[in-house]
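Written below as structure tokens is the structure these notes are about.
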Amino acid sequence: MANYDYDMGIIGGGAGGLTVASGAAQLGAKTLLIEKEKELGGDCLHYGCVPSKTLIKTAHVYHQMKIAPTYGLPEVAPPPVDFREVSRRIRSVVAAIQEHDSEERFCALGVKVEFGQAQFADSHSLSINGRTYTAKNWVIATGSSAAIPPIDGLSRTPFITNREIFYLERLPASMIVLGGGPIGIEMAQAFNRLGSHITVIQRGDQILAREDKDMADTVMETMRREGVDFRLSTAVVGTKDLGAEREVTIRDANGGISTIRGETLLVALGRKPNTDGLGLEAIGVELGRQGVKVDNRLRTTHKHIYAVGDVNGGFQFTHAAGYEGGIAVSNAIFHLPRKTDYTFLPWCTYTDPELASIGMNEKTAADKGIDYSIWTEAFSSNDRSLAEGESTGKIKLILNEKEKPIGVQILGPGAGNLISEWVAALNGKVKLSTIAAAVHPYPTIAEINKKVAGNFFSPKIFSDKVRKGLKFFFQLKGRACGQA
Ligand SMILES: Cc1cc2nc3c(=O)[nH]c(=O)nc-3n(C[C@H](O)[C@H](O)[C@H](O)COP(=O)(O)OP(=O)(O)OC[C@H]3O[C@@H](n4cnc5c(N)ncnc54)[C@H](O)[C@@H]3O)c2cc1C
């Protein structure tokens, strides 16, 4: 049997790679982790989830200051935002979390960390910094980067992506956002709230294309009321650098051509897998359009090389990368064949209101030909939401033909947290009647979960049939008010 330097080699020290590294090392596997940046943590920590959620909170506070009178408070006119201070806060939150993802912490777990750009020499060996390391198993966890499509003039026009946006020197007076996906939309709302004039250009006829249109449209209408300019069904024809401003030429749904100008151009048009320079083609690892091709055990064309996280082009979330990291560890270290199952993978877009989802929505249920039914409850009927002044949105529960829950979408305050009850319920196959009967504390926004489940049972319990039966058996006297 070949004698390798390591049991497990991992390329990429982000959400997926770090999960594999800590899991493998703690199980006793001799583990090597390779990262090309100066620090561990990946996109999520440095250019993704953490800075974006920190920025969103800052923008939320500033927005609350501006809408103080809606809470019965005196009107205040806060001074303009100094973005260097916002960036400073972002950096401090990133630095605090970085400590959990430090080289020292992983070394203490038993992981050898190497920094540098790695390239496969053969399917078991990898060269980095002039040295070659061999490993029995490899995990590719190199993540993704902003996709830069071949738009006419874009290569000559200064633009920013998620790598630059959190660390700007000043707040742009105006920003054109190319792309109406989660990243573009979260940034559009946050920067608009901080004081930039925002225009979002989206090719499709709704933002957040993966979501049901009614939910996505409510997000858009909320943002529109706050001042964001949306151009839907609009194609980007080209871009131009005008010195102090960027110009974007667009074509609307009727074929009309016009231009928009903005100080800053944000490209948020999807992601591309980070596979350049790894030498994957040379060692025969097959690549697809979305990323490294994997089977349902996350194995590439070489069964001892796995690909987890954004790089395999599947669900591009931190928790998906972590989940996949665990699957790779099970398969490679435990030798327990474990397959991926994304049936109840939740996600959330952190706009205000947030839009969270688990399981099927109406779009996916309809695509699968499921004869579904929908049960809803509006946040405007939730006492706590009214007290909080956050009553936009609703919860949507989707049942299949057998009246079993197959999905939930929540558009409302703290939806990302509220969906967790459904994460437990759907994964644990908890009966809807249990959720409807379980006592939830009052007044909480989470009561909406119980309420929507109750909405399914109400027409059955309070039906004419039940009323007649009770009247017959127990001689109930019926209505006391409104009767002649
Ligand atoms: C603006 C933004 C906001 C986001 N918000 C959320 C959110 O709220 N919730 C959520 O779940 N997800 C969010 N995401 C997505 C999330 O960041 C990714 O899904 C997650 O980081 C994927 O983890 P990963 O391990 O696959 O990749 P990463 O975390 O990016 O890690 C990949 C690592 O590999 C390294 N690497 C790349 N190439 C090489 C190489 N050749 N050699 C060595 N190392 C290499 C990289 O430097 C990086 O450290 C957001 C993304 C963005 C851009």
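Indexing begins at 1, ligand by ligand and atom by atom, following the structure's order. FYI, the numbering just counts along the sequence from 1.
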Residues that Thr161 engages under side chain to side chain contact (heavy atoms under 4.5 Å, CB included), provided they are two or more places apart: Ala146, Ile148, Phe159, Arg163, Glu164
Taking disulfide bond (SG atoms under 2.5 Å apart) as the definition, give me every residue that meets it alongside Cys348, ordered by chain and number, with sequence neighbours left out. none
Enumerate the protein residues lying less than 4.0 Å from ligand 1, judged by heavy-atom distances, in chain and residue-number order. Ile11, Gly12, Gly13, Gly14, Ala15, Gly16, Ile34, Glu35, Lys36, Glu37, Gly42, Asp43, Cys44, Tyr47, Gly48, Cys49, Ser52, Lys53, Gly116, Gln117, Ala118, Ala141, Thr142, Gly143, Asn162, Ile183, Arg271, Leu278, Gly309, Asp310, Gln316, Phe317, Thr318, His319, Ala321, Tyr350
Kindly say whether the aromatic ring centers of Phe191 and Phe83 come within a distance under 6.0 Å. yes
If we only count heavy atoms from C-beta on, is the Asp352 to Arg193 side-chain gap below 4.5 Å? yes
Side chains of Arg89 and Val86, heavy atoms from C-beta outward: is any pair under 4.5 Å? no
Write out all pairs satisfying salt bridge (Lys or Arg N to Asp or Glu O under 4.0 Å) with one or both partners inside residues 296-316, taking only residues at least two apart or from two chains. Asp295-Arg299
